2 protein chains.
Amino acid sequence: MARKPGSRAEITGPRLRAAALRLFARHGFAAVSMRQIAAEVGVQAGALYQYIDDKQGLLFDLMRSHMDDLLADWAASNPPAAPASARLEHFARFHIRFHHERADAVFVSYMELRNLTPAHFAVIEGLRRRYETELEAILRAGQDEGSMALPDTKLAAMALIAMLTGVNTWFREGGRLSRARVEDIYVDMVRKAVGG
Amino acid sequence: MARKPGSRAEITGPRLRAAALRLFARHGFAAVSMRQIAAEVGVQAGALYQYIDDKQGLLFDLMRSHMDDLLADWAASNPPAAPASARLEHFARFHIRFHHERADAVFVSYMELRNLTPAHFAVIEGLRRRYETELEAILRAGQDEGSMALPDTKLAAMALIAMLTGVNTWFREGGRLSRARVEDIYVDMVRKAVGG
DNA sequence: GTCTATAATTGGATAGAC
DNA sequence: GTCTATCCAATTATAGAC
C-alpha cells in the first residue's frame, strides 16, 4: 500500500491515546486542551479529529480499553478450580500488580467518571460491576467451603477492592518496600479480614 | 454597625464556599467556572473576588477547612485512655461517619490535589499525614498490648483508611443497609484484619 | 458590597489547502 | 494524514461606577 510522506496513521493513533492518558492522569480531563495533546503527539490539534469523534469520546475509549484489559487479563489468569483461599490470594496479587502497572489508566478511570455522558457512564459502570462480581464469587465459594465467614459478601468485596486499589495512592517502586513485599502484607490482611 | 442595602457579606462568604464545594465535587475543579459559582450564589462573577484571591486559593481554603475539621473533630472525640481495640473501633466508626456527612468535601480533597500549587499541596499533605499518624498510634498501642499483630504498621494504617474511605463511593442513606449496620460490618472486618 | 463592562487569553471543533 | 487558518464561545481576573 502506497503511503504519502508524513502519513503515520499506524503510530499516531496509539501515540494520541498514550499522550491523552498521561495528561488526563496528571492534570485532569477538563484541564487538558486538545492543543496540549497534539503538541505531545507532535501534530496539530486539527489532525487529532481523524482519530476521535470528540474529546469526551476519547476519554470513554481510554476507560473502556482499561476495563476491557482488566477483565481480559483476569479471565486469562484466574484458576477457577483452586480452593477459595488460594483464589482470593491470587485475586489480591493480580489486582495490586495490574493496577500498579497502569497507574495512569486507573487514576483516570476512577476520577473522570463524571465527565462521561450517561450512556458511556453506564457502560463503564457495567464493566466495573462485572469485575466486582468476580471477587464476590470467590468470597461466596469460600463461605460455602467454610473457610471464610462474612456478614455481607457484597460489602466485603467493595471493602477489599478499595483497600487493594489504595496501594496505588502511595506505593512507588524503589521505596522502603518491594512490590512483592507489599503484596505479601496485603494478602495477609485480606486473608485475616475474611477469616472465620 | 450600619450596613448598606444590598450588602450581605456575612452570608455571601459562606454561600460562596458551599456553592464552590458542591460544584467542584459534582463537575471537577477545572470544569467549573467562576460564573457558575456566582450564579449559584446569586451575585456577579466579579463580586466573588471580594472573598477570594483567585480560583486556586478558593480550592485550597476548602481543602484546608476540611482537613482542619477532620483533625479537630477527631481530637474532640478520641478517648485516649481506652484499650487499643476499643480505640480502633471508635476510629472506624468516626471515620465512616465523618466522611459520609461531608461527601463533597471528601471527594474534592481526594480528587483535586493536583490543582493545588506545590506550597498549598504540602500543607494539605501534612494535615493528611497527621490524621494517618493518629491511626498508626492506635495500631502501635494494640501491638504493644498484644491484642494486634501487623507485619507493617504504616501499611496497615493506609490499607484500613483506604478501606473505610471506600464506603463513600457506594453507600447512600436509604439503601439496603443502614449506616449503623455498615459501620458494624466494617468494624468486624477491621478488627479481624489487624487481629493476631 | 455588588454591579457592568471589558481586557487578554484560551477553549473545542471545522474548512480547505497540500 | 497533516497543515494552516479560523469561527465562536468561554475563560479568569480587573477597573471603575454606584
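A quick note: this is a predicted structure, and the numbers were derived from the prediction, not measured. Residue numbers start from 1 in every chain, and the chains themselves are labelled A, B, ... in the order their sequence lines are given, proteins ahead of strands. Any value given below was found using the heavy atoms of this structure, including those in side chains, with hydrogens, waters and symmetry copies removed.
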In whole angstrom, what separates [X]'s [atom1] from [N]'s [atom2]?
{"X": "L59(A)", "N": "dG12(C)", "atom1": "CG", "atom2": "P", "result": "13 Å"}
{"X": "L48(B)", "N": "dT14(D)", "atom1": "CG", "atom2": "P", "result": "13 Å"}
{"X": "L16(A)", "N": "dG12(C)", "atom1": "CG", "atom2": "P", "result": "13 Å"}
{"X": "D54(B)", "N": "dT11(D)", "atom1": "CG", "atom2": "C1'", "result": "14 Å"}
{"X": "Q50(B)", "N": "dC3(C)", "atom1": "CD", "atom2": "C1'", "result": "11 Å"}
{"X": "I37(B)", "N": "dT2(C)", "atom1": "CD1", "atom2": "P", "result": "15 Å"}
{"X": "I11(A)", "N": "dT2(D)", "atom1": "CD1", "atom2": "P", "result": "8 Å"}
{"X": "L58(B)", "N": "dA13(D)", "atom1": "CG", "atom2": "C1'", "result": "14 Å"}

query: Would you call R181(B) and D152(A) a salt bridge, using N to O less than 4.0 angstrom?
result: no

query: Which comes earlier along DNA chain C counting from the 5' end, the contact point of A47(B) or that of Y49(A), where each point is its nearest nucleotide?
result: A47(B)

query: When every nucleotide of nucleotides 5-11 of chain C is labelled 5' to 3' by its protein contacts under 4.0 Å (heavy atoms), B for base, S for sugar-phosphate only, - for none, what sequence of letters results?
result: -B----B

- prompt: Does D188(B) have any salt bridge (charged side-chain N to carboxylate O under 4.0 Å, His left out) partners at least two apart in sequence or in another chain, and if so, which?
  reply: K192(B)

field: Below 4.0 Å: OP1/OP2 of dG1(C) and any side-chain N or O of T12(B)
entry: no

Pairs involving residues 154-196 of chain B, ordered by first then second residue, that meet ring pair (Phe, Tyr, Trp, His ring centres under 6.0 Å) (sequence neighbours left out): H100(B)-F171(B)

query: A157(B): what forms a side chain to side chain contact (heavy atoms under 4.5 Å, CB included) with it, not counting sequence neighbours?
result: L135(B), E136(B), L139(B)

message: Applying side chain to side chain contact (heavy atoms under 4.5 Å, CB included), can you list everything that pairs with A180(B), at least two apart in sequence or on another chain?
response: S178(B)

- request: Determine which pairs satisfy side chain to side chain donor-acceptor pair (under 3.5 Å) with at least one residue from residues 84-97 of chain A, sequence neighbours left out, and list them in order.
  value: S77(A)-H90(A), E89(A)-R93(A), E89(A)-R191(A), R93(A)-E183(A), R93(A)-D184(A), H95(A)-Y131(A), H95(A)-T165(A), R97(A)-E183(A)

field: Cation-pi check, R128(A) onto Y110(A) ring (under 6.0 Å, within 45° of axis)
entry: yes

- request: Measure from the side chain of Q44(B), starting at C-beta and using heavy atoms only, and say which of dT14(C), dG1(C), dT4(C) lies closest.
  value: dT4(C)

